[in-house]
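Just so we're on the same page: letters track the sequence lines, and every chain starts at 1.
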There are 2 protein chains.
Amino acid sequence: MKQQRLSDQIAEKLEAMIADGSLMPGEKLPAERDLAHRLEVSRPSLREAIQKMNSKGLLTTRHGGGTYVCEESLEPSFVSPLIALLSDMPESRYDVLEIRHALEGTAAYYAALRSTGEDKEKIKRCFDVMIKNHGSPDPMDEARADAAFHLSIVEASHNVVLLHVMRGLFTLLQSSISHNLDKLYTLPRVFEPLSNQHERLMNATVEGDAERARQAAQEHLVFVEESLQQIDREEVRKQRALRGLTG
Amino acid sequence: MKQQRLSDQIAEKLEAMIADGSLMPGEKLPAERDLAHRLEVSRPSLREAIQKMNSKGLLTTRHGGGTYVCEESLEPSFVSPLIALLSDMPESRYDVLEIRHALEGTAAYYAALRSTGEDKEKIKRCFDVMIKNHGSPDPMDEARADAAFHLSIVEASHNVVLLHVMRGLFTLLQSSISHNLDKLYTLPRVFEPLSNQHERLMNATVEGDAERARQAAQEHLVFVEESLQQIDREEVRKQRALRGLTG
DNA sequence: CCTCAACAACTGGTAAGACCAATTATTCCT
DNA sequence: AGGAATAATTGGTCTTACCAGTTGTTGAGG
């Protein structure tokens with residue numbers, strides 16, 4: 001019937017890259033000249049596309065600074081109102097874990113079925129980074145590496161909606177990590193089994209054994225949940241001891 | 001502290017002219033070269049402004065024909081950009097179903113364990129509304145009632161994060177309903193089993209039988225997924241037949 | 001005199017190059 | 001080592017030119 005404007009095609013391509021996760025929220029786009037050359041279009045055409053996405057709220061541009069994928073408006077709509085809530089009631093962390101328990105099994109299952117060679121390499125890379133970051137001075141580094149590993153598996157499931165949901169959940173978790181979650185990464189007796197679980201999950205996924213992958217993910221989450229509960233219980237005991245001393 | 005982009009200033013000026021009636025809906029704008037000269041700006045800048053207003057739905061442009069003020073525009077369209085992105089890809093409906101498949105089972109499970117008497121009453125009310133709305137002139141009514149029913153169960157699971165996630169997913173589903181999803185509610189041979197599944201899900205939940213509730217939810221989602229695939233296949237076949245007639 | 005096809009003059013679409021302005025990273029001096 | 005001047009990078013704008021559809025005119029043929 002008709003041919004689309006070039007700027008529309010460009011915008012569409014960029015939007016698809018955002019939707020399928022190739023472009024992360026907050027990520028910086030290549031420079032206009034660079035990107036125009038790589039997409040084999042002129043700079044004005046690329047600019048028109050960027051302007052359009054800009055007015056849609058998908059990109060933000062700072063003069064001399066660069067163009068970025070907008071993160072606020074791309075946040076899954078459920079996270080922002082929840083962040084405040086989550087820091088007020090720490091027990092809702094278990095709510096997040098319940099959801100992960102349900103979702104990560106499915107993610108691992110489909111990742112085992114659908115992952116490409118590229119996906120598998122990324123999963124292995126994330127695993128290595130996670131191992132390397134153990135014992136880092138900042139526990140957040142380890143938490144981020146952990147999240148990146150799990151998200152690489154979600155990405156390999158090739159379910160774009162799932163990817164955005166899980167990203168939102170991890171954002172949610174990391175924004176409230178200061179409570180107790182960081183302890184999970186520092187306790188030595190926890191790290192060993194955690195690492196083994198991660199390895200089993202990775203192996204089952206890259207080998208394409210869907211059922212084993214789902215199983216591994218679920219066992220992992222059960223362990224995390226139990227460990228957290230234990231940490232919380234110890235925390236409560238410590239608080240009580242302190243109150244005993246002061247009162 | 002302004003330093004507004006020139007293209008934004010131009011767009012603003014044009015929007016003001018539309019707002020105060022200087023430019024009537026349907027009216028043709030001067031040619032780009034002409035207008036650029038009259039506004040004392042370059043043509044690329046003017047074009048960027050036009051592109052932006054184009055993506056806002058304020059202007060329409062026909063190659064070689066001219067640029068016109070859109071007659072009837074300004075639908076609210078205040079959905080999140082992410083939702084808009086994902087709505088454009090029809091296959092994301094199946095992504096949503098995969099996630100629901102994982103989540104609703106868990107939701108039903110915990111709803112059976114944790115729901116209060118008040119929760120159970122609300123679930124029953126939503127079920128009745130759903131039955132009553134069957135055959136409504138607007139299929140969207142039925143879709144909304146369906147969503148409300150499922151959300152009432154999620155609510156009864158007393159997992160606030162899960163509730164927010166599922167709300168987001170239903171928004172996503174409803175925003176892309178026009179594709180095929182509405183057919184799901186209109187086919188008579190689909191309604192009966194759908195209704196039975198809903199009833200089994202409700203009964204298991206209010207009776208507190210967690211495992212049966214999870215089972216019912218999962219069977220329901222499997223059925224929905226299969227039905228949708230079948231509808232899509234029929235749609236493809238119909239399109240092929242049409243092409244056969246015209247070609 | 002009317003019809004219609006070819007042509008000419010718009011109009012928007014794309015491209016390339018140049019220069020300005022703001023930001024960011026680097027380097028050098030104190 | 002700290003901070004200011006500077007160089008490199010990046011977005012913002014302009015000019016020019018040419019391509020591609022649309023529209024209106026014109027002129028030849030009925």
Candidate nucleotides [options], ranked by approach to the side chain of [X] - the nearest:
X: B/Arg5; options: D/dG12, C/dA15, D/dT10; result: D/dG12
X: B/Arg62; options: D/dT22, C/dA16, C/dT11; result: D/dT22
X: B/Ser42; options: C/dT14, D/dC14, D/dG12; result: D/dC14
X: A/Glu32; options: D/dG12, D/dC14, C/dG12; result: D/dG12

Whole angstrom value for the distance that separates [atom2] of [N] from [atom1] of [X]:
X: B/Arg33; N: D/dT15; atom1: CZ; atom2: C1'; result: 13 Å
X: B/Gln51; N: C/dG12; atom1: CD; atom2: P; result: 12 Å
X: B/Glu40; N: D/dC14; atom1: CD; atom2: P; result: 11 Å
X: A/Glu48; N: C/dA16; atom1: CD; atom2: P; result: 14 Å
X: B/Leu35; N: C/dG12; atom1: CG; atom2: P; result: 9 Å
X: A/Leu46; N: D/dG12; atom1: CG; atom2: P; result: 11 Å
X: B/Leu6; N: C/dA21; atom1: CG; atom2: P; result: 13 Å

Are A/Phe149 and A/Ile123 close enough, and set up right, to give a side-chain contact (heavy atoms from CB on, under 4.5 Å), and what steps lead you there?
CA-CA 6 Å; A/Phe149 170 71; A/Ile123 293 175; 4.0 Å; yes
Assert: residue with more 5' nearest nucleotide on DNA chain C, out of A/Val41 and B/Lys28, is B/Lys28
Whichever of A/Ser45 and B/Leu29 has the more 5' nearest nucleotide on DNA chain C, that residue is B/Leu29
Give the C-alpha distance, both sets of side-chain angles, the deciding distance and a yes or no for ring pair (Phe, Tyr, Trp, His ring centres under 6.0 Å) between A/Phe191 and A/His134. CA-CA 9 Å; A/Phe191 173 72; A/His134 178 55; 3.3 Å; yes
- Identify whether any heavy atom of A/Arg47 sits under 4.0 Å from a base atom; if not, whether one sits that close to sugar-phosphate; answer base, sugar-phosphate or nothing. base
Inset, instruction - Tell me, with the steps shown, if B/Val224 and B/Leu97 meet side-chain contact (heavy atoms from CB on, under 4.5 Å). - result: CA-CA 8 Å; B/Val224 169; B/Leu97 283 179; 4.0 Å; yes
**Request:** On DNA chain D, check which nucleotide each of A/Gly65 and A/Pro44 is closest to and give me the residue with the more 5' one.
**Result:**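 That would be A/Gly65.
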* Asked: Under the 3.5 Å rule, do the base of C/dG13 and the side chain of B/Arg43 count as making a donor-acceptor pair?
  -> yes
- Item | Base D/dG21 paired with B/His63 side chain (donor-acceptor, <3.5 Å) |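 By the distance-only test, no, there is no pair.
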task = Determine whether the side chains of A/Asp232 and A/Tyr94 contain a donor N or O and an acceptor N or O closer than 3.5 Å.
result =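 Yes, a side-chain donor-acceptor pair sits under 3.5 Å.
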* Asked: Under 6.0 Å between the ring centres of A/His150 and A/His220?
  ->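 Between A/His220 and A/His150, which both carry aromatic rings, the centre distance is below 6.0 Å.
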Is the phosphate of C/dG12, meaning OP1 or OP2, less than 4.0 Å from a side-chain N or O of B/Thr67?
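Yes, because at least one side-chain N or O of B/Thr67 sits under 4.0 Å from OP1 or OP2 of C/dG12.
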_With a 4.0 Å limit, can you tell me whether B/Ser7 has a side-chain N or O closer than that to the phosphate oxygens OP1/OP2 of D/dG12?_
no
